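Worksheet for the structure shown next.
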Amino acid sequence: MIVRTRFAPSPTGRPHIGSIWLALFSYIWAKQNNGQFILRIDDTDQERLVAESEQEIKDVLLWFGINYDAYYKQSERLEIYHKHCLDLISSGNAYYCFCSKDRLDSLRAIQQNNHQPTKYDRYCLALADTEISSKLNSGVSKVVRLKIPDDQTTTVMDIVRGEIVFKNNLLDDSVLLKSDGYPTYHLASIVDDHLMEITHVIRAEEWLSSAPKHIILYRAFNWEVPKLAHLPLILGTDRSKLSKRHGAVAALDFRDLGYLKDAFINFLVLLGWNPKNNQEIFSLDQLIKEFSFEKMNKSGAIFDINKLDWFNHYYIQRLSIDELLQESLPFITKAKLPATDLEFVKRILTVIKDRLRKLSEFQSLANFFFALPDYEKELLPWKAMPLPRVKDRLQIILELFANVSEEEFTSQNLERLIKNLISEKSFEVGETCWPLRVALTGVKNSPGPFDVAWVLGKPETLTRIKIAIQKLS
RNA sequence: GGCCUUGUCGUCUAGCCUGGUCUAGGACAUCGCCCCUUCAAGGCGGUAACACGGGUUCGAAUCCCGUCAGGGCCA
């Protein structure tokens, strides 16, 4: 039997980290078994529908390079759910319920007061057939409820958690079909998972408590129960389920912040899965080879952006300059920097690469290459160095650099030149290098002066030194 | 409140099944030092955890019981 997994997000907002994290494992498991991965849009909650949501779900998958073998949308399958719901009613596993919201509310209030479990009291289960058909004909608002069997217990077999036993008398007769004609998650996902031949349902732990109802549904239909894997939740720093109030949780935000997809995937997967050795760096392909549910953790992991940054820095360092350029281009465009000369940009990337943690940092790390900031002349001296001496040093360097040909204007050459100068004249290193660096960058922190000079090229380097000298005059 | 579930450094985790090799290993973060013209990067080193209480055992992070704490779902 071919393994089929599905990613079944509800398009109720921007797809977030926890959701895509689940998708990753579903995909990995399917691919490990040469199986199929299905995208299903679970859009049966019409009230919470967000229009752009579906496209963004696809965009995240696209970013990750995850292809899906089939695509479904639940709102286009309403008839299927209705038909199966009717089947359930005729087999006695489900029933119509016409109870008003008021009655349900007061029922709940009474139960709560008596410290009883709050669940539907099956009032409508006792309705006579004639009564049911007359209510049906009269068009009063109705739902369909699952009839939980009176068995003692229902056992959920979970791949990562083992056997979990639930007492049936504590289970509520959940609504299967809502009054607006849309199915609930319980009905729609069970019908679809069966019809789509899903072999492994990989979903979040929050569904664990409704798992027994799902098993009861499969049995009511006389269908085989797929393998269930309830994965732990991704947590915010306060250990509660990650949500919008924890800040940036939309998966695509991380793309836009300049995280590499490989770094992001690597980081994400290690939240909850671990190879049980010290290896931390994994490509998607390696993950597909090495993943196993036995190595899945049962407890929720806190999303720690520090570690993500570290992974991203690691992956950036391993990119060639050409690859880095390709990845950086969107961010350079967004920063509105006049980066028309790609060779120039590549030089910049060469010298700032090791301090790049996120691609979006290009802007703050590199803007002085494009335009010299207007800095105060007080920034030029090294420590308590007198201004005339600063000017003197820059003058000497200017003459020295002016004599270097354009093709010899490299970082190494310039460094050698300055180091020679320093030892010949017994200058202090700081008093020579710092003013040069400030003259070229105009900022407090930057790459070294020789790297910057090489990036800038001879004419611009000389120009900037002259500007500094002018400031000191 | 009921049901379910989880519990090793601040964080991600290894070890737990198959007790001793654990004075609990790795990584991120943090701190210190080195390098050094700045900031990074890099190198080296440090601080830091078995939730608690019983029990079983010669011996428990590992097995059993209880407690506590966190989380999820329903309300």
Side-chain angles (χ1 to χ4, degrees), chain A residues 104-105 107-109 111-120 153-154 156 158 160-172 174 204-213 230-242 266-281 294-295 297-314 316-317 351-357 361 364-365 379-383 385 393 415 418-419 422 427-441 443-452:
Chain A
L104 261 16
D105 285 346
L107 176 68
R108 191 180 305 129
Q111 289 173 150
Q112 225 154 7
N113 274 334
N114 298 338
H115 299 287
Q116 289 169 323
T118 49
K119 46 183 258 189
Y120 182 60
T153 60
T154 299
V156 175
D158 187 272
V160 306
R161 285 156 205 280
E163 278 189 17
I164 303 159
V165 181
F166 292 83
K167 295 181 190 70
N168 284 13
N169 58 16
L170 263 13
L171 264 25
D172 195 11
S174 298
E205 188 187 352
E206 55 191 323
W207 293 108
L208 194 53
S209 39
S210 43
K213 286 177 197 169
H230 290 92
L231 269 34
L233 259 12
I234 304 248
L235 276 22
T237 42
D238 61 354
R239 302 216 78 99
S240 68
K241 187 165 75 163
L242 198 63
N266 195 155
F267 164 74
L268 241 29
V269 168
L270 255 33
L271 245 38
W273 182 82
N274 186 283
K276 308 303 177 194
N277 58 39
N278 286 338
Q279 186 180 346
E280 298 217 79
I281 302 300
E294 290 77 56
K295 292 176 182 167
N297 272 105
K298 295 179 192 67
S299 54
I302 292 177
F303 183 91
D304 178 18
I305 195 111
N306 274 325
K307 188 125 189 187
L308 207 211
D309 283 348
W310 177 82
F311 271 111
N312 207 46
H313 180 260
Y314 179 93
I316 287 176
Q317 299 322 304
V351 305
I352 67 163
K353 183 179 173 183
D354 62 4
R355 56 189 69 208
L356 212 49
R357 293 177 86 79
E361 290 170 342
S364 59
L365 254 24
L379 194 58
L380 284 164
W382 168 244
K383 292 182 177 169
M385 189 183 181
R393 292 292 140 83
E415 179 163 9
I418 296 290
K419 291 285 154 78
I422 287 170
F427 285 166
E428 249 192 72
V429 178
E431 293 199 345
T432 313
C433 291
W434 172 272
L436 207 215
R437 199 189 56 73
V438 173
L440 298 183
T441 66
V443 295
K444 267 201 183 110
N445 306 328
S446 75
F450 314 113
D451 282 345
V452 176

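Naming: A, B, ... by sequence-line order, numbering from 1 per chain. The model shown is predicted, which means the values in this text are computed figures rather than measured ones.
- Residue contacts shown for A/Pro449 include a base, since a base heavy atom lies under 4.0 Å away.
- Atom CD1 of A/Ile164 and atom P of B/C4 are 10 Å apart (whole Å).
- Contacts of A/His230 with the nucleic acid, taken as non-hydrogen atoms under 4.0 Å apart, are absent.
- At the phosphate of B/C28, OP1 or OP2 sits under 4.0 Å from a side-chain N or O atom of A/Trp310.
- Across all strands, A/Lys298 comes closer than 4.0 Å only to sugar-phosphate atoms, never to a base (heavy-atom distances).
- Heavy atoms of other residues, nucleotides or ligands lying less than 6.0 angstrom from NZ of A/Lys295 number more than 12.
- Straight-line distance from the OH atom of A/Tyr314 to the P atom of B/G26: 18 Å, rounded to whole Å.
- Between A/Arg355 and B/U38 there is no side-chain polar atom (N or O) within less than 4.0 angstrom of OP1 or OP2.
- Within 4.0 Å of A/Phe427, counting heavy atoms only, lies no atom of the nucleic acid at all.
- Only the P atoms considered, B/U57 is 16 Å distant from B/C64, to the nearest whole Å.
- Of the two residues contacting RNA chain B, namely A/Arg437 and A/Leu235, the nearest-nucleotide position lying further toward the 5' end is that of A/Arg437.
- Taking side-chain N and O atoms only, A/Lys241 has a distance below 4.0 Å to OP1 or OP2 of B/C73.
- Among the protein residues, A/Pro232 comes within range of no part of the nucleic acid, since none of its heavy atoms lies under 4.0 Å from any strand.
- Note on A/Thr118: only backbone sugar-phosphate atoms sit closer than 4.0 angstrom, heavy atoms only; bases stay farther off.
- Separating the CG atom of A/Asn297 from the P atom of B/U8 is a distance of 10 Å, rounded to the nearest angstrom.
- The residue A/Gly448 sits close to a base: some heavy atom pair falls under 4.0 Å.
- As judged by a 4.0 angstrom heavy-atom cut-off over every strand, A/Phe166 is placed among residues touching the sugar-phosphate backbone only.
- Atom CZ of A/Phe267 is separated from atom C1' of B/A29 by 12 Å (rounded to the nearest Å).
- In this entry the distance linking NZ of A/Lys307 with P of B/U13 reads 9 Å, nearest Å.
- Proximity of A/Arg357 to the phosphate of B/A41: a side-chain N or O atom is located under 4.0 Å from OP1 or OP2.
- Note on A/Arg355 versus A/Glu361: no salt bridge recorded, every NZ/NE/NH1/NH2 to OD/OE distance being 4.0 Å or above.
- Atom-to-atom, CD1 of A/Ile302 to P of B/U8 comes out at 10 Å; the value is rounded to the nearest Å.
- Between A/Arg161 and B/G72 there is no side-chain polar atom (N or O) within less than 4.0 angstrom of OP1 or OP2.
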